[in-house]
**Q** 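There's a structure below that I have some questions on.
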Amino acid sequence: MLSPNKDIVEDTEENRQICRKYCPNCQNYKRHALDNFQPTELFCARGKSTATNMKIIGCFCPACELFTKSHLRGGFFCVRR
Ligand code: SF4
Ligand code: SF4
């Protein structure tokens with residue numbers, strides 16, 4: 001039997017609060033007003049933004065504790081995950 005994958009970020013209020021320290025402050029988020037599109041945060045758990053034609057600029061994910069804890073790679077989860 002498979003054990004739960006600890007590398008998967010769960011969509012919890014606690015994790016959303018962590019994300020709010022990073023995503024809303026990054027250039028990509030501000031430039032594309034990602035708060036106007038779903039999902040608005042925690043892209044590593046909830047999937048990429050529904051915003052279109054995004055350029056890839058300045059991602060803060062590598063500084064995020066969930067990024068480290070869950071062994072995430074690459075960042076830019078609002079664009080390509
Ligand atoms: S890794 Fe990125 S998308 Fe995921 S919680 Fe951290 S800042 Fe948000
Ligand atoms: S996933 Fe990365 S690029 Fe996208 S909003 Fe969050 S910090 Fe910015």
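Everything numeric here is computed off the predicted structure, so don't read it as measured data. Every number for a ligand or one of its atoms is a count from 1 in the order of the listing.
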**Q** Tell me, yes or no, whether the heavy-atom count around R31 atom CZ, taken from other residues, nucleotides or ligands under 6.0 Å, exceeds 12.
**A**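 Result for CZ/R31: open.
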**Q** Does a side-chain N-to-carboxylate-O contact under 4.0 Å join R16 and D11?
**A**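 Yes.
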**Q** Counting heavy atoms not belonging to E14, are there more than 12 under 6.0 Å from its CD?
**A**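 Not buried by this count: 12 neighbours or fewer within 6.0 Å.
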**Q** Do E65 and Y22 have side-chain N/O donor and acceptor atoms under 3.5 Å apart?
**A**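 Yes, side-chain donor-acceptor contact under 3.5 Å.
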**Q** Please report the closest heavy-atom contact between K48 and P39, naming both atoms and the distance.
**A**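 Here K48 and P39 meet closest at O-CD, 3.3 Å.
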**Q** Between C44 and ligand 1, which part of the residue brings a heavy atom under 4.0 Å of the ligand: side chain, backbone, both or neither?
**A**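 Both backbone and side chain.
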**Q** What count do you get for protein N, O or S atoms closer to atom 4 (Fe) of ligand 2 than 2.8 Å?
**A**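 Number of qualifying protein atoms: 1.
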**Q** Considering only the protein, which heavy-atom contact is closest to atom 8 (Fe) of ligand 1, and what is its distance?
**A**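 Checking every protein heavy atom, the shortest distance to atom 8 (Fe) of ligand 1 gives C19 SG, 2.4 Å.
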**Q** Using a strict cut-off of 4.0 Å, indicate which atoms of ligand 1 neighbour a heavy atom of L42.
**A**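 Those of ligand 1 that fall under 4.0 Å from L42 are 5 (S).
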**Q** Determine the minimum heavy-atom distance between F43 and Y29, stating which atoms define it.
**A**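 Closest approach of F43 to Y29: CZ-CE1, 3.9 Å.
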**Q** Using every non-hydrogen atom in the two residues, find where F67 and C61 come nearest and quote the distance to one decimal.
**A**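 For F67 versus C61, the nearest heavy atoms are CB-O, 3.1 Å.
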**Q** Counting from 1, what ligand 1 atoms have a heavy atom of C64 closer than 4.0 Å?
**A**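 By the 4.0 Å cutoff, the relevant atoms are 1 (S), 5 (S), 6 (Fe), 7 (S).
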**Q** By number and element, which atoms of ligand 1 are closer than 4.0 Å to a non-hydrogen atom of L66?
**A**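 Reading through ligand 1 atom by atom, the close ones are 5 (S).
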**Q** Any donor-acceptor pair under 3.5 Å linking the side chain of N15 with the backbone of E10?
**A**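 Yes, the answer is positive, given that a donor and an acceptor are paired below the 3.5 Å cut-off.
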**Q** With a 3.5 Å distance limit and no angle check, can you tell me whether S70 reaches the backbone of V9 through a side-chain donor-acceptor pair?
**A**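 Absent.
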**Q** Would you mind listing which atoms of ligand 1 come within a distance below 4.0 Å of any non-hydrogen atom of Y22?
**A**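 Heavy-atom distances to Y22 below 4.0 Å select 7 (S).
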